[in-house]
Structure formats: structure tokens, C-alpha cells
Amino acid sequence: MSHALRLAEKGLYSTTPNPRVGCVITQNEQIVGSGWHERAGQPHAEINALRVAAVAARGATAYITLEPCAHHGRTPPCTDALIGAGIAKVIIAMEDPNPIVSGRGCAVLQQAGIEVQTGLLQMDAQALNIGFVNRMIHQKPWIRIKTAASLDGKTALNNGISQWITGKAARRDGHQWRARSCAILTGIGTIKSDNPQLTVRHVETSRQPKKIIVDSHLDISLDAKLLQSEDEIFIFTANDEALEKKTVLSKMGVQVIVLPEAKGRVDLKRMMIMLANLGMNEVLVEAGCGLNGALVNAGLVDELIIFLAPHLLGNSAQGMFKLPELISLDQKKGLRIKDLRMIGQDVRVIAELS
């Protein structure tokens, strides 16, 4: 199963919106076939492994990181392929949280006389597909905020200059988080101050993540670098006017979605539901303190990735999160540190909001 999970990781950057899945087939404790799901619309891990195993699959055991599908989607049911190949036993890391699959795959296999076991290395399988699981269960993507700051928690000078606070190793690591994400989310403030591309450049990837911009007043310049790419771009705004600008953006291939809330800003909670409906599993936020704080304050952030550089920028520099003033320490936002390590000369902290 560990081998199957390592195979599943090969799809880390490419399977969206599908989960990352690996499969290993053994006969007499010898591996006779293995495979992984490479891209949505292409064969699933089980099919790739069965093709390698061929006739050796009859009477064999299949180790699969996620419950096999029993329904027709873009591809036929994997349960049918496993049954047809004569697999005798299936060991599954985790059941599929997708309501149209959950439990059905196991039931179909058992009805065909195949022995089924579940739960082997379940936590590892869930961690690999944390966004897919979150989308299926909670109807929202797994939201990560990635930010780089000085050791005193400052992300930019007061004049907005922020490049580069961290070193090359940390920036490369940041691009790995970009590459595994379905989309990168930013705010209009970051577009205006940094004019970023938000592309994956420092690691090899077969696709670029989608781009999401929160722009309440639809202030974005049509010359913004981000709009010049061929990547799929969504702008969420509260402006239900500016018809001419929306028409121009639409002709540029940008999808403008109006989602106002009572105070004239973008309704962030409704936006998350829509992103889930669009099939986004993991969304990486690379924004300023305003949007970062709004997302945290709305309870929409699942995880923080903070790179801390060995510098001090002082009290007047810009912070990471704009949050309401606290009058009691009981109001503080709790975190659970998941990982702490050096990346080059910088410290990377990964924490979940509790």
C-alpha cells in the first residue's frame, strides 16, 4: 500500500478535479502490475495496473489507495474491470467520500465474491487527497494561505515593496504548492501592487492552476499580467454594473461572477461553494493582509503555509492578516502546527486552524 501511495503521488499536479489514486497488484507476494491515475478523463489507476498485470491478475490481490468507482463517469466502472480480470482480493486504503461512490464500490466487489478490506494506511491516503475529501464532505475546497514574512511577521515594507523576503529555496517550495493546487486565489490589492503572473515556473508541471481574483469593484486593469495568459481565470466581484468592462473581460476569456454581500463586498462563503461546484479541490491563497484576514475571519481557511525569513522589517511594515482587534486572549485564533522545517535559510511553518 505504501508503494501504491507513492504511485498516487505521481498524479499530484495533474489529476484535478479527480483524486490521486495508485494501485498495486500482487500474486504470491510478488508485484505483477502497478499504475496510477494520471489525468482526468484518462484511465484510472486500477485499469493501468490491470493492463500491466494482464493474465497474472487472475486470483491476485489488488492494493488500491481509494475505493474503486462503480459508476459510469468519463470512464467505465473500475469494479467491472477488477471483477472481469479475476481479482480475488482487494485491499483499500480509504472509502471514497464521493456520495455517488461511497460504499458502492466495496459492495459491488463483495457481491461478486471478492474479499474486500479497508483502512490500511487510511490517514496517508486522506492526506494525499485532502482537498477532494473536503470538497466531497464539506462542499468547499481545502483552502491554504501561503505567505512569506520576516521573522517579525511582516510581508512587505510600508511602501509595498516585498520582493524578495525569502530565498530561492523557499520560493521554489512555494511553486510546488502552486503546482498541486487546482487554483490560485488573490485579491485586487495584490494585482495592483505586485502585478503578479501567479504561474508555476520553478517546478515542472503539465498544467497551470486556474486563477481566481476577488475584485469587489471590478477595478482590475485590462493590462494586468495575469489577464494576458491563456489560463482559466475567474473574477468574483460585487459590481453588478460595469457592463462594458465585463464584456471586454469576457472576450478575453475571463469569467466574471457577481456575488455581492450586504456590505458591498464579494460574498466569500458563496464563492467557496461555487469553487467546489467547479470541481476545485485545493485552492492556494496568495494575497495581502486584507483578503487573508477576511478569509480567516470568515472561517474559510483550513491551513496556513508561512515562510519566515531571517530578517526584521519593523513595526511600520505590512502584516500577514488584517483581523479585528482583540480585547481578550480568549478571542485568539488557535492553530495546530503540522510541520516545521528549514527550507534553505528560511523556516516553513504549516499549521491548521483549529
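When reading the values below, keep in mind they use all heavy atoms of this one structure, side chains included, and skip hydrogens, waters and symmetry mates.
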From [X] atom [atom1] to [Y] atom [atom2], the distance as rounded to the nearest 0.5 Å:
X: Leu275; Y: Leu300; atom1: CG; atom2: CG; answer: 10.5 Å
X: His311; Y: Ile165; atom1: NE2; atom2: CD1; answer: 7.5 Å
X: Leu284; Y: Leu198; atom1: CG; atom2: CG; answer: 9.0 Å
X: Cys182; Y: Phe132; atom1: SG; atom2: CZ; answer: 11.0 Å
X: Glu352; Y: Arg144; atom1: CD; atom2: CZ; answer: 9.5 Å
X: Ser181; Y: Tyr13; atom1: OG; atom2: OH; answer: 10.0 Å

Expected output: side-chain [X] to main-chain [Y] donor-acceptor under 3.5 Å:
X: Asp152; Y: Leu312; value: no
X: Gln27; Y: Val32; value: no
X: His37; Y: Pro43; value: yes
X: Asn195; Y: Ala224; value: no
X: Glu261; Y: Val266; value: no
X: Ser354; Y: Gly334; value: yes
X: Asp346; Y: Thr166; value: no
X: Asn292; Y: Phe321; value: no
X: Thr199; Y: Arg201; value: no
X: Thr26; Y: Ile31; value: no

Please identify which of these residues, Lys211, Gln208, Lys210, meets the side-chain hydrogen bond (donor to acceptor under 3.5 Å, both in side chains) condition with Asp231.
Lys211
Could you walk me through whether Val347 and Met342 pass the side-chain contact (heavy atoms from CB on, under 4.5 Å) test, one step at a time?
CA-CA 5 Å; Val347 177; Met342 295 293 294; 3.6 Å; yes
If hydrophobic clusters are built by linking Ile, Leu, Val, Met, Phe, Trp and Tyr wherever their side-chain heavy atoms come under 4.5 Å apart, do [X] and [Y] end up in the same one?
X: Leu278; Y: Val258; result: no
X: Ile306; Y: Leu335; result: yes
X: Ile257; Y: Ile213; result: no
X: Met320; Y: Ile337; result: yes
X: Met272; Y: Val296; result: yes

Smallest separation among heavy atoms of [X] and [Y], with atom names:
X: Ala85; Y: Leu50; answer: CB-CD2, 3.6 Å
X: Leu291; Y: Gly187; answer: CD2-N, 3.6 Å
X: Ile184; Y: Pro209; answer: CD1-CG, 3.7 Å
X: Ala179; Y: Val203; answer: CB-CG2, 3.9 Å
X: Asn297; Y: Pro324; answer: OD1-CD, 3.7 Å
X: Ala149; Y: Thr155; answer: CB-CG2, 4.2 Å

Do Gln228 and Gln197 pair up side chain to side chain, a donor and an acceptor below 3.5 Å, judged on atom types alone?
no
Check: Arg207/Thr16 side-chain N/O donor and acceptor closer than 3.5 Å
no
[X], [atom1]: over 12 other non-hydrogen atoms inside 6.0 angstrom:
X: Lys333; atom1: NZ; result: yes
X: Asn159; atom1: CG; result: yes
X: Lys322; atom1: NZ; result: no
X: Ile327; atom1: CD1; result: no
X: Asn28; atom1: CG; result: no
X: Gln331; atom1: CD; result: yes
X: Met123; atom1: CE; result: no

Mutual orientation of the aromatic rings belonging to His202 and His175 [parallel < 30°, tilted 30-60°, perpendicular > 60°]
tilted
How about [X] and [Y]: do any of their side-chain heavy atoms sit closer than 4.5 Å?
X: Leu222; Y: Leu249; answer: yes
X: Thr118; Y: Glu67; answer: no
X: Ile87; Y: Glu46; answer: no
X: Arg51; Y: Asn48; answer: yes
X: Thr147; Y: Leu304; answer: no
X: Ile25; Y: Val52; answer: no
X: Ile47; Y: Cys78; answer: yes
X: Ser34; Y: Val24; answer: yes

Would you check, one step at a time, whether the test side-chain contact (heavy atoms from CB on, under 4.5 Å) holds for Lys251 with Thr247?
CA-CA 6 Å; Lys251 289 180 179 178; Thr247 300; 4.0 Å; yes
Name all residues meeting the side-chain hydrogen bond (donor to acceptor under 3.5 Å, both in side chains) criterion together with Gln117; count only those two or more places apart in sequence or in a different chain, and write none if there are none.
Glu115
Tell me, please, whether Trp177 has Lys146 positioned over its six-membered ring: NZ or CZ under 6.0 Å from the ring centre and within 45 degrees of its axis?
no
Under the side-chain contact (heavy atoms from CB on, under 4.5 Å) rule, what do Lys245 and Asn239 come out as? Steps first, then yes or no, please.
CA-CA 11 Å; Lys245 191 169 189 179; Asn239 187 344; over 6 Å; no
Could you pull out every donor-acceptor pair under 3.5 Å between side chains of residues 95-108 and any protein atom, sequence neighbours left out?
from	atom 1	to	atom 2	distance (Å)
Asp96	OD1	Asn98	N	2.8
Asn98	OD1	Ile100	N	3.2
Ser102	OG	Asp96	O	3.1
Arg104	NH1	Ile100	O	3.1

Can you tell me which residue pairs pass the salt bridge (charged side-chain N to carboxylate O under 4.0 Å, His left out) test with a partner in residues 169-189, sequence neighbours excluded?
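Found Asp173-Arg348, Arg178-Glu286, Arg180-Glu282.
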Test side-chain contact (heavy atoms from CB on, under 4.5 Å) on Asp124 and Met1; report intermediate values, then the result.
CA-CA 10 Å; Asp124 300 84; Met1 188 64 81; over 6 Å; no
Paired with Asp302, the salt bridge (charged side-chain N to carboxylate O under 4.0 Å, His left out) test is passed by just one of Lys140, Arg336, Lys338, namely Lys140
